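Because only heavy atoms are used, hydrogens play no part in the values below, and waters and symmetry mates are left out as well, while side chains stay in. Keep in mind the model is a prediction, meaning the values are calculated, not measured. Residue numbering restarts at 1 for every chain, and letters A, B, ... go by the order of the sequence lines.
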Amino acid sequence: MSEERSSLNFLEHIIEEDLKTGYTKDQLRFRFPPEPNGYLHIGHASSICLNFGLGLKYGAPVNLRFDDTNPAKEEQEYVDAIKRDVEWLGFTWDTERYASDYFQQLYDWAVLLIQEGKAYVDSQSSEDMAAQKGSPTEAGVPSPFRDRSVEENLALFQGMKEGKFAEGTHVLRAKIDMSAPNMLMRDPIMYRILHKAHHRTNTDWCIYPMYDWAHGESDYVEQVTHSLCTLEFLPHRELYDWFLDQIHDTKKIRPKQREFARRNLSHTVVSKRKLLQLVESAVVTGWDDPRMPTISGLRRRGYTPESIRNFAETIGIAKRENLIDVSLLEFHVRDHLNKIAPRVMGVLDPLKLVITNYAEEEEWLEAENNPEDAAAGSRKVPFSKELYIEKADFREEANRKFFRLKLGGEVRLKNGYIIKAESCTKDTEGNITEVQCTYDPKSKSGSGTDESLRKVKGTLHWVSIKHALEAEIRLYDRLFTDESPDTHKDKDFMDFVNPDSLKVITGYVEPSLKNAKVQDRVQFQRLGYFCVDPDSTSEKLVFNRTVGLRDTWAKISEKS
RNA sequence: UGGCCCAUGGUGUAAUUGGCAACACAGCUGGUUUUGGUCCAGUCGUUCUAGGUUCGAGUCCUAGUGGGCCAACCA
């Protein structure tokens with residue numbers, strides 16, 4: 001597969017290079033390492049697609065590893081949600097791992113470092129330590145505890161482990177270089193005391209390793225070859241390598257950390273703090289609100305795993321700053337849903353249409369389920385004298401660019417007949433309340449008559465009033481009015497919340513939808529893609545608009 | 001103000017590693033269409049600046065400019 005001549009991203013170039021000079025293909029191994037402290041979002045999705053995609057490309061295993069080194073923030077609930085989301089995206093991990101699986105090993109290695117004089121227990125306050133750290137332009141100063149004896153360090157560290165000390169009284173630090181230009185190398189903390197129960201190890205431990213100490217060593221334990229993370233971890237690489245130097249057995253794989261730029265999506269925020277703020281301030285209804293950029297939100301909105309994977313693949317991966325327009329994500333849902341979503345008819349903004357010369361009680365017309373997919377078959381939709389059409393599809397008069405219904409003009413009712421608008425009635429305020437029309441009985445769709453073959457410029461969707469199902473329709477728009485809401489120095493991202501990001505309306509849909517199930521996805525013809533929300537009941541259908549159809553008419557009418 | 005990373009059409013990403021700057025989206029034209037959808041065809045438009053090396057530079061070197069990251073007992 002790696003012989004494919006399709007272009008490679010910079011990480012694939014690195015891997016190809018490593019394959020030539022070092023590793024064999026069957027040694028390759030990747031990992032996706034979330035911290036179980038929140039819900040996964042679209043940014044994680046591209047990291048998941050990157051790591052698991054590499055696994056698929058090279059036939060290499062990919063571990064799902066939970067970076068659970070901070071019991072203050074992590075919960076089992078998040079572990080479960082993360083697993084569900086990764087699975088939903090369509091990926092299978094090789095083994096499920098936890099940094100907490102390695103607490104004992106990490107402890108043993110830490111003891112080794114102490115014995116070698118490469119780590120020491122510091123007993124200062126965090127404020128004092130911060131003050132000694134220096135700044136990017138000034139060197140730090142050594143802690144007064146830096147030269148404790150190995151014996152004392154060993155005894156204290158053991159005491160820390162045994163719970164003899166309160167939180168904040170001691171930490172274990174690596175003894176590296178207090179004047180290193182890289183601040184992370186100025187005697188970084190390896191362990192802190194936390195008297196908190198951990199969702200997996202419970203109270204077995206009261207000292208917990210810091211990210212830098214745990215991450216690289218976990219990669220090493222798992223023999224991950226390429227440990228990929230976002231660019232803000234670049235300064236950590238030096239420390240990652242230093243920690244590996246201390247324990248690396250040259251007969252084993254030495255993991256490499258490499259960094260890529262996180263993908264930024266326009267009109268959204270992804271930081272956990274900000275997403276939480278949206279939830280807590282009730283701007284959205286929860287982590288899975290269809291407007292949220294979380295995987296669970298996208299799922300509820302009606303996005304398909306394929307569309308997200310395709311999106312991740314087209315945006316690619318690189319090292320530069322980026323802001324990807326959400327419309328690209330929308331393109332990919334449309335692209336996929338166009339192929340798989342059954343077509344149905346629903347009217348969201350109804351206007352009554354009466355066919356004055358229609359004499360039948362009702363009839364059931366044949367309707368194609370999906371013109372993109374012959375195997376999708378067809379269904380019957382009821383037709384009768386009184387229908388709903390969209391308000392926007394009728395005007396008393398209009399210019400030639402308006403293909404829809406106008407007085408004296410003709411259109412085809414999708415799957416039905418050609419009609420001609422004869423008159424309309426209005427209320428006291430001048431709003432059109434009903435349109436009267438006549439139909440050509442010989443023009444029935446699919447009948448093969450000359451009349452049925454006639455071309456008319458417009459085709460409208462419709463529903464038969466007496467057969468229609470009432471449904472709640474939730475129309476979503478971007479959550480933020482600004483394309484990059486959290487990058488303004490003078491304004492808070494909450495200032496850009498779009499007040500119209502949700503509109504709830506009542507619509508009328510064809511009766512074939514009666515038994516639609518939660519998560520079913522359909523195209524309301526000429527309107528967009530919709531899916532059945534979990535709030536739906538047998539009494540009342542609830543649809544989410546996933547995304548509208550591409551709308552050329554909106555552009556034309558905007559111009560004039 | 002120290003160290004490090006980055007810079008290619010409107011957006012995102014490529015460029016066989018120094019050899020004709022391409023792909024997707026968006027835009028615009030037209031065609032097909034019982035969805036103003038889809039599909040098809042065409043079109044628009046790009047290497048931050050200044051030097052240097054070279055027969056040849058998006059790619060290498062130097063300087064500049066612009067953007068980003070780094071001082072949590074977070075990850």
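Among the atoms of the strands shown, none is found under 4.0 Å from any heavy atom of A:Gly528. Heavy atoms of A:Ile315 sit under 4.0 angstrom from primed sugar atoms or phosphate atoms, though from no base atom. Base contact: A:His236 has a heavy atom under 4.0 Å from a base atom. Note on A:Ile418: nothing from the nucleic acid sits closer than 4.0 angstrom, heavy atoms only. In this structure, A:Arg343 reaches the bases: a heavy-atom distance under 4.0 Å links it to at least one base atom across the strands shown. Residue A:Asn9 is classed as a sugar-phosphate contact, given heavy-atom separations below 4.0 Å to backbone atoms only.
B:rG37 sits 14 Å from B:rU32 when the P atoms are compared, rounded to a whole Å. Distance noted for atom C1' between B:rC74 and B:rU17: 40 Å (whole Å). Comparing the P positions of B:rG9 and B:rC48 gives an interatomic distance of 7 Å, to the nearest angstrom. For the C1' atoms, the distance linking B:rU47 with B:rG58 amounts to 5 Å, nearest Å. Taking atom C1' on both nucleotides, B:rU33 is separated from B:rG18 by 50 Å, rounded to a whole Å. Spacing between B:rU29 and B:rG64 at atom C1', rounded to whole Å, works out to 43 Å.
The nearest pair of heavy atoms linking A:Pro188 to A:Leu239 is CG-CD1, 3.6 Å.
The side chain of A:Thr314 has B:rA24 as its nearest neighbour among B:rG12, B:rG36, B:rA24. Of all nucleotides listed (B:rG12, B:rG2, B:rU34), B:rG2 comes nearest to the side chain of A:Thr137. Nearest nucleotide to the A:Glu74 side chain, out of B:rA14, B:rU34, B:rA75: B:rA75. The listed nucleotides are B:rG12, B:rU35, B:rA14; the one nearest the side chain of A:Pro371 is B:rU35.
A search for salt bridge (charged side-chain N to carboxylate O under 4.0 Å, His left out) contacts involving A:Arg404 returns A:Asp393, not counting sequence neighbours. Residues passing the side-chain hydrogen bond (donor to acceptor under 3.5 Å, both in side chains) test with A:Thr203, sequence neighbours excluded: none. Evaluation of the salt bridge (charged side-chain N to carboxylate O under 4.0 Å, His left out) rule for A:Glu238 yields no partner, not counting sequence neighbours. Scanning for salt bridge (charged side-chain N to carboxylate O under 4.0 Å, His left out) contacts around A:Lys196 gives A:Glu167, with sequence neighbours left out. Residues meeting the ring pair (Phe, Tyr, Trp, His ring centres under 6.0 Å) test with A:Tyr508, sequence neighbours left out: A:Tyr388. Partners of A:Arg550 under the salt bridge (charged side-chain N to carboxylate O under 4.0 Å, His left out) rule, at least two apart in sequence or in another chain, do not exist in this structure. The side-chain hydrogen bond (donor to acceptor under 3.5 Å, both in side chains) check on A:Ser100 picks up A:Asp68, A:Arg200, with sequence neighbours excluded. Under the rule for a ring pair (Phe, Tyr, Trp, His ring centres under 6.0 Å), the partners of A:Phe524 that lie at least two apart in sequence or sit in another chain are A:Phe530, A:Phe543.
For the pair A:Asp440 and A:Lys444, the salt-bridge criterion is not met [side-chain N within less than 4.0 Å of a carboxylate O]. With respect to A:Arg65 and A:Glu222, a salt bridge is recorded, a charged nitrogen being found less than 4.0 Å from a carboxylate O.
Rounded to a whole Å, the CD atom of A:Gln523 is 13 Å from the C1' atom of B:rG36. Between A:Lys319 atom NZ and B:rG12 atom P there is a gap of 18 Å when expressed in whole angstrom units. Atom NZ in A:Lys455 sits about 8 Å away from atom C1' in B:rU33, given to the nearest Å. In this entry the distance linking CG of A:Leu234 with P of B:rC4 reads 11 Å, nearest Å. For the pair A:Asp551 CG and B:rU38 C1', the interatomic distance rounds to 14 Å; values are reported in whole Å. In this structure, A:Phe10 atom CZ and B:rA15 atom C1' are separated by 17 Å, rounded to whole Å. The NZ atom of A:Lys339 sits 17 Å away from the P atom of B:rG37 (whole-angstrom rounding).
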I'd like a list of close polar pairs between nucleotides 45-49 of chain B and the protein, N/O only, cut-off under 3.5 Å.
none

For nucleotides 26-32 of chain B, give me every protein contact, N/O to N/O, under 3.5 Å, one pair per line with atom names.
from   : atom 1 : to       : atom 2 : distance (Å)
B:rG27 : OP1    : A:Lys555 : NZ     : 2.3

Between protein and nucleic acid, restricted to nucleotides 64-74 of chain B and to nitrogen or oxygen atoms under 3.5 Å apart, what atom pairs and distances do you find?
from   : atom 1 : to       : atom 2 : distance (Å)
B:rC73 : N4     : A:Gln124 : O      : 3.1
B:rC73 : N4     : A:Gly168 : O      : 2.9
B:rC74 : OP2    : A:Arg192 : NE     : 3.0
B:rC74 : OP2    : A:Arg192 : NH2    : 2.8
B:rC74 : O3'    : A:Arg192 : NH2    : 3.2
B:rC74 : O2'    : A:Asn70  : ND2    : 3.1
B:rC74 : O2'    : A:Lys73  : NZ     : 3.4

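Mapped onto RNA chain B by nearest heavy atom, A:Pro33 and A:Asn338 fall at different nucleotides, with A:Asn338 at the one closer to the 5' end. For the pair A:Phe402 and A:Leu323, both in contact range of RNA chain B, the more 5′-proximal nearest nucleotide belongs to A:Leu323.
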A:Gln523 and A:Gln525: side chain to side chain donor-acceptor pair (under 3.5 Å), yes or no, with the steps?
CA-CA 6 Å; A:Gln523 183 198 83; A:Gln525 281 178 115; 5.8 Å; no
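A donor atom on one side chain and an acceptor atom on the other are found under 3.5 Å apart for A:Ser227 and A:Arg31. No side-chain donor from either of A:Ser47 and A:Arg262 sits under 3.5 Å from a side-chain acceptor of the other.
For A:Lys414 and B:rU34, the shortest distance from a side-chain N or O to OP1 or OP2 is not below 4.0 Å. Put simply, A:His13 has no side-chain N or O that comes within less than 4.0 Å of OP1 or OP2 on B:rU16.
Judged by distance alone, with hydrogens and angles left aside, A:Glu368 brings no side-chain donor or acceptor close enough to the base of B:rU34 to form a pair under 3.5 Å. With hydrogens and angles left out, the side chain of A:Glu372 and the base of B:rG37 share a donor-acceptor pair within 3.5 Å. Side-chain to base pairing of A:Arg526 with B:rU35: no donor and acceptor N or O lie closer than 3.5 Å to each other.
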What pattern of brackets, bars and dots sums up RNA chain B from 5' to 3', given Watson-Crick or G-U wobble pairs under 3.5 Å, [ ] for crossing pairs and | for another strand?
.((((((..((((.....[..)))).(((((.......)))))....(((((..]....))))))))))).....
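Distance OH/A:Tyr240 to NZ/A:Lys256: 11.0 Å, rounded to 0.5 Å.
Aromatic ring pairs are classed by plane angle as parallel below 30°, tilted from 30° to 60° and perpendicular above 60°; the pair A:Phe383 and A:Trp462 is perpendicular.
Looking at A:Lys175, A:Arg173, A:Arg146 one by one, the single match for side-chain hydrogen bond (donor to acceptor under 3.5 Å, both in side chains) with A:Asp187 turns out to be A:Arg146.
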